[in-house]
Protein chains: 2
Amino acid sequence: MRNKTSPDLSAAPSITPGDAGQPADIMDERVRRSRAAVLTATAELLFERGYSGVSVDEISRRSGVAKTTIYRHWPARTDLLRDACANIGTPQTTPDLGSLRADIAALMAALGEALTTARWTSVLPSIIDAGERAPEMADMYRRLQQGYSAPFETVIRRGIARGELPADTDVAALVAALIGPLFYRRWFSREPLTEGFVREIIRLAVG
Amino acid sequence: MRNKTSPDLSAAPSITPGDAGQPADIMDERVRRSRAAVLTATAELLFERGYSGVSVDEISRRSGVAKTTIYRHWPARTDLLRDACANIGTPQTTPDLGSLRADIAALMAALGEALTTARWTSVLPSIIDAGERAPEMADMYRRLQQGYSAPFETVIRRGIARGELPADTDVAALVAALIGPLFYRRWFSREPLTEGFVREIIRLAVG
DNA sequence: CAGTTACGCTACGATACCGTATCGTATTAT
DNA sequence: ATAATACGATACGGTATCGTAGCGTAACTG
């Protein structure tokens, strides 16, 4: 009845790209296993070699999933890479500790920790590079980025509402003044990202 | 007498990598032309496709210089790319306008201008990506980076000497607080980098 | 002007990669 | 159990790399 070449995921309309239209618990067990193994191996390779250094053949070798099977799930290499990149990053939660200073301190400490320890930080430049030329990669990255900036915006807006910041505060600029220097240290100046440095940046921005 | 495969540059000891041991005015005219054409085409390709998207064959096509000639000048693709990358960027001068605020304003305006207009900004993520895995690319990038940060450090140190900043100012952190947010806007958040934004960042850092 | 030197061209060999086709087998759902 | 479905293995065809070899020609230098 159906096309024989691609796993059946048509029962529910496709929502996310890369054919994950079916909730994971209804999905055929074999499909779930293959997809997970492939995405894990892809992430691993991304960490090691960056976006442009990942090949489907190597993903197949590393994951133990046949290359043909990979192409049954993702129509092209770029679709697979987009899916894999969309799931990297350290999920951030929005603190609510009662004061702007405390919330900012918590967010900045978490960000500093992620930037110095998380493996995905080595991939990000290559993802941004891909986004410089591929609009759909830029879209995907935008969502990743907002996962980091949104909590900052939230706590800053709360701070404004509480009167801890002027009503005409430039929220986006303040976010940049907080996150920017940390990113700068990790990827551009490559100096050590210490707690003292983070404190100093906080002091300058909302001191 | 000599090896027939590689241009003769042995009269003076090699100083810079990628065989530019000979000053440009003593160099054989043909060598000078070839090197220049290749480096120009390479830079062009870097702007268009990023570090990992540049191939020697395409450089040869684009520059009109035979691939064999390219390999007579650079032993490997990576050496050529390193040379080409080392010359991108907008050379920065260190202002001396009498006050810290004026110097900072001048530097930040120039940086903001470069980040919004210069073509090399699209290549930088791929260079940083290369540096994440290749130490010699990281070294090359470090020199590029210092071209931007050094003028900031200079004017800040002068400001400290003048008493415009506390003697215990964390110079590196202040540089990060100034440059970081601008870099953040250009490559990470991709929001418009306006003069108002630059002013706000300056105000927060040295307000 | 003569000898040296750099260059262009073509042709390689080797490798890596993308994406597809085919066919038989194993697993899952019904 | 049985039919539907996903998977694995192998083998492709096509392209794009990297880097080298050989040979004739053009250009520069002294």
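Lettering follows sequence order; numbering is per chain, from 1. Keep in mind the model is a prediction, meaning the values are calculated, not measured.
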Expected list for residues 151-158 of chain A: side-chain donor-acceptor pairs under 3.5 angstrom, two or more places apart:
unit_1	atom_1	unit_2	atom_2	d
A:T154	OG1	A:A150	O	3.0
A:R158	NH2	A:P95	O	2.5
A:R158	NH2	A:D103	OD2	3.3

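Whole-Å rounding puts the A:D57 CG to C:dT15 P distance at 15 Å. Counting to the nearest Å, the C1' atom of D:dA16 and the CD1 atom of B:I59 are 14 Å from each other. The distance between atom CZ of B:R61 and atom C1' of D:dT17, rounded to the nearest whole Å, is 10 Å. Taking atom CD of B:E58 as the reference point, atom P of D:dG19 lies 16 Å away to the nearest angstrom. Taking atom NZ of A:K67 as the reference point, atom P of C:dT22 lies 16 Å away to the nearest angstrom.
With sequence neighbours excluded, no residue forms a side chain to side chain contact (heavy atoms under 4.5 Å, CB included) with A:A36. Applying the ring-ring contact (aromatic ring centres under 6.0 Å, His included) test to B:F183 and every residue at least two apart in sequence or in another chain returns A:Y184, A:F188, B:W187. Judged as a ring-ring contact (aromatic ring centres under 6.0 Å, His included), and not counting sequence neighbours, A:Y141 has no contacts. In this view, A:R190 and B:E132 satisfy the salt bridge (Lys or Arg N to Asp or Glu O under 4.0 Å) rule, not counting sequence neighbours. Applying the side chain to side chain contact (heavy atoms under 4.5 Å, CB included) test to A:L193 and every residue at least two apart in sequence or in another chain returns A:L115, A:T116, A:L182, A:R185, A:R186, A:F197, A:V198.
Listed by first and then second residue, the salt bridge (Lys or Arg N to Asp or Glu O under 4.0 Å) pairs that reach into residues 115-124 of chain B are B:E44-B:R119, sequence neighbours excluded.
Closest approach to the B:Y71 side chain among D:dG19, D:dG8, C:dT10 is made by D:dG19 (side chain taken as heavy atoms from C-beta onward).
OP1 or OP2 of D:dG8 has at least one side-chain nitrogen or oxygen of A:T69 nearer than 4.0 Å. Side-chain N/O atoms of B:T68 include none lying less than 4.0 angstrom from OP1 or OP2 on C:dC7. Note on B:S55: every side-chain N or O is 4.0 Å or more away from OP1 and OP2 of D:dA16. One finds no side-chain N or O of B:R72 lying less than 4.0 angstrom from the OP1 or OP2 phosphate oxygen of C:dA6. The shortest distance between the side-chain N/O atoms of A:H73 and the OP1/OP2 oxygens of D:dC7 is below 4.0 Å.
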For nucleotides 27-29 of chain C, list the nitrogen or oxygen atoms of the protein found under 3.5 Å from its nitrogen or oxygen atoms, one pair per line.
unit_1	atom_1	unit_2	atom_2	d
C:dT27	O2	A:R30	NH1	2.7
C:dT28	OP1	A:R33	NH2	3.0

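Between B:V56 and A:V65, the one whose closest nucleotide on DNA chain D sits nearer the 5' end is A:V65.
Rotation axes derived from the C1' atoms of the five outermost pairs at either end of the helix from C:dC1-D:dG30 to C:dT30-D:dA1 lie 40° apart, to the nearest 10°.
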